[in-house]
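Atoms within a ligand are numbered from 1 in the order they appear, just like the ligands themselves.
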Amino acid sequence: MGFRDAVMTGLAPDGGLLIPERIPDVRDRLAEWSKLSYQDITFEILRLFVDFPENDLRKLIERSYAPFRHPEIAPAIPVGPVQILELFHGPTLAFKDIALQFLGHFFEYILEERKQHVNILAATSGDTGSAAIHGVRGKERIRIFVMHPKGRIAPLQEKQMTSVLDPNVFNLAIRGTFDDCQKIMKSMFRDLEFKERHGLGAVNSVNWARVLAQIVYYFSAGLYVMNSCKAPRVRFAVPTGNFGDILAGYYAYRMGLPIGKLVLATNENDILSRFFNTGDYRIGTVEHTLSPSMDIQVASNFERYLYYRLNEDPRVLRELLEDFEQSGALSVPVQHGEPVDSVFQAGVGDREQILATIRTYQERYGYLMDPHTAVGVSVAERHRVDDEPMICLATAHPAKFSGAIREATGQEPHHDILDKVINAPTRVETLPADENAVRDFVDLHSPSPAT
Ligand SMILES: *Cc1c(COP(=O)(O)O)cnc(C)c1O
C-alpha cells in the first residue's frame, strides 16, 4: 500500500495495523542532520517514507509547524539532572498537536489531488478531539464531527473544542458516557453503505502518519543533546498510554539514532510497564489518575511493537492477538535472567510520586511540569546513568492540568490561550446517546456526496 492510502485508511482492511515495508538505516546521515533546523530534519525523515514532490513536502512541513509558538518547535531544556523536551507549543498545548497538525495537512493534500471530500468522525474524552479539531479547522475538503460525553470531560478541554467556530467543525455533546460515544462511532463505521456514502474517515492514534510525525523530535532532541553534552548516546523517558509516542522512539532507535534506553513510564494503569518487566501483557481495570490522558488499559499501538518483538512473523502475532482477544492476556518468551527487551526499561509513577516530582522540580529548579510529564520524570530518575543524558518528554503544558498543579504546589498555572478560551463563544449540538440521532445529524450537515 502506498503512503497516501495508508494515511487515508488508517487501519488495514483486515483490521490490522500498517507498518513500513522497510525501516531505513540513517546512521551515516546523523553528523549532517545534527546541523539542521527542526524543519529540515523533518524534511529529511519524512522524505524517506512519503513520496510527495519535494517542494510540496517542504510546504506541508512549513504549514504544519506554523501554528507552533516556539521558534524551535520542540526545544530541549536542561532542568536539574534531566533534559526536558517540550512538545506542548502547538495550538492545544499538548504533544498530540505535532501529529495531528501533520495529519490534517496530509489529508488536505491527498484529497485535493484526488478531488475528494472526507467526513471525519471521532469520539473523545478530551485531548485527542481537541487536537484533531485544531488540525483540520478551516480545511475545505474536510468536515469533522467530534462526539464527547456531555458534562463528563474537563470544562477547559470542552471549551478548547467547542470554541472552534469554523463551519467545517461540528461538536456533538452526547447525553451519555465516553463508551456510548465510542459504540456509536464503531457502529457507524461498520455500516459500509453509510461509510461509503459519506466518505467517513478517522484520525485515530494508529494512523501511521501520526507515528511518523513523532519520530522527528527524537532525532532533533537526541542529536542536539548528544552535541551539547558531548555524549555518545542518550536515553529517553516517555510517559505513555497508547504506546504511540514511545513507538516513534522505538522506530528512531531502529533507524540508527544512538538511544541507550527507552524508559517507558506509566501511571497506575500499568499494563505496559508490567509487560516490559515480566513479558506478561494482561488487562486490568482502568483507574482514574492525575494523568487522565494515560488512563488506558489496552494500548492500541502496542501490536506494532509486538510484531518486531516476535521476529516479524505476522502469523505468530495474529495467533497471539486472537488469544488476547479471548482471554485478555498474552505473553512473549523471555530468556531466563534477561530483560524482555534490552532497549526498554519501565516503571510506574504513582500519585504520591507525581505530586512530589512536580513540587520538587518547582522548588529546586523553578520548573513547573504537568502531571503526565511528571510520570516520565519520576520514572526517569530511577534509570539515570552518568554517561547517557536523560531526555524527558513533556507532553502537556501545566496549565492544562491545573488541579494537579494546585495540589502539588498551591500555585495556579496560567497560559494566555487557555485564559482566552474560558470566555470565548462556543458552538455545540446536544444529542441523545442514540446512533440514529448522530446519523441524521451527519446526513443533514454533509449534503454533498463523498466525491
Ligand atoms: C496522549 C497523551 C499521552 C500518551 O501518549 P501515547 O501516545 O498514548 O502514549 C501523554 N500525555 C499527554 C498529555 C497526552 O495527551
Side-chain angles (χ1 to χ4, degrees), residues 17 74 84-103 122 124-135 153-154 156-157 160-161 203-215 217-218 236-252 262-273 275-276 286 289-305 344 346 348-349 354 358 369-380 392-405 413 415 418:
L17 303 195
I84 303 271
L85 172 53
E86 294 186 340
L87 303 173
F88 52 71
H89 295 286
T92 73
L93 309 181
F95 94 103
K96 289 190 175 62
D97 286 328
I98 294 184
L100 285 163
Q101 286 294 319
F102 270 98
L103 195 60
T124 189
S125 55
D127 267 353
T128 308
S130 165
I133 286 172
H134 282 81
I153 63 175
L156 193 63
Q157 299 202 325
Q160 281 192 297
M161 297 197 288
V203 289
N204 43 37
S205 66
V206 297
N207 196 300
W208 166 247
R210 284 182 63 175
V211 179
L212 178 58
Q214 294 176 173
I215 293 175
Y217 48 74
Y218 285 90
F236 285 94
V238 189
T240 195
N242 253 324
F243 206 81
D245 201 357
I246 197 163
L247 177 73
Y250 183 66
Y251 276 112
L262 287 164
V263 179
L264 178 147
T266 66
N267 61 27
E268 286 89 341
N269 297 290
D270 62 349
I271 180 169
L272 286 168
S273 56
F275 172 80
F276 282 102
V286 178
T289 73
L290 292 175
S291 45
S293 300
M294 293 159 33
D295 291 346
I296 282 165
Q297 279 292 334
V298 179
S300 53
N301 264 299
F302 184 59
E303 75 184 69
R304 279 195 170 111
Y305 163 77
F344 281 92
V348 176
I354 296 327
I358 295 173
M369 66 180 73
D370 105 289
H372 302 79
T373 306
V375 170
V377 172
S378 152
V379 175
C392 296
L393 275 57
T395 53
H397 190 280
K400 281 198 92 164
F401 298 93
S402 53
I405 304 298
H415 192 289
L418 299 176

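Every residue was checked against the side-chain hydrogen bond (donor to acceptor under 3.5 Å, both in side chains) condition with N207, not counting sequence neighbours, and none meets it.
Here the heavy atom of the protein found nearest to atom 11 (N) of ligand 1 is T395 OG1, 2.8 Å. Atom 7 (O) of ligand 1 has as its closest protein heavy atom D245 N, 2.9 Å. For atom 8 (O) of ligand 1, the nearest non-hydrogen atom of the protein is N242 N, 2.8 Å.
Using 4.0 Å as the threshold, F95 has a heavy atom nearer than that to some atom of ligand 1.
Heavy-atom contacts of D127 reach the following atoms of ligand 1: 13 (C), 14 (C), 15 (O) (cutoff under 4.0 Å). Interface atoms of ligand 1 facing K96, defined by a heavy-atom separation under 4.0 Å, are 1 (C), 2 (C), 3 (C), 14 (C), 15 (O). Set against the non-hydrogen atoms of G244, the atoms of ligand 1 under 4.0 Å away are 6 (P), 7 (O), 9 (O). Atoms of ligand 1 found under 4.0 Å from any heavy atom of T240, numbered from 1 in the order shown, are 9 (O). When each atom of ligand 1 is checked for a heavy atom of F243 under 4.0 Å away, the hits are 9 (O). Each of the atoms 13 (C) of ligand 1 lies under 4.0 Å from some heavy atom of A396.
Nearest heavy atom pair, residue H134 against residue Q160, reads CE1-O, 3.1 Å.
Side-chain contact annotation: D245 with T240, donor-acceptor N/O pair under 3.5 Å absent. Checked by atom type, the side-chain pair N269/D295 shows a donor-acceptor distance below 3.5 Å.
Distance NE2/H372 to CG/L87: 13.0 Å, rounded to 0.5 Å.
Of the possible polar contacts, none joining the Q214 side chain to the K96 backbone as a donor-acceptor pair under 3.5 Å is found. Side-chain atoms of R304 do not come within 3.5 Å of backbone N or O of F243 as any donor-acceptor pair.
Contacts between M294 and ligand 1, counted as non-hydrogen atom pairs separated by less than 4.0 Å, involve the side chain only.
Residue H372 has no N or O atom closer than 3.5 Å to an N or O atom of ligand 1.
Tested against S293 for a side chain to side chain donor-acceptor pair (under 3.5 Å), the candidates D370, N242, D127 yield a single pass: D127.
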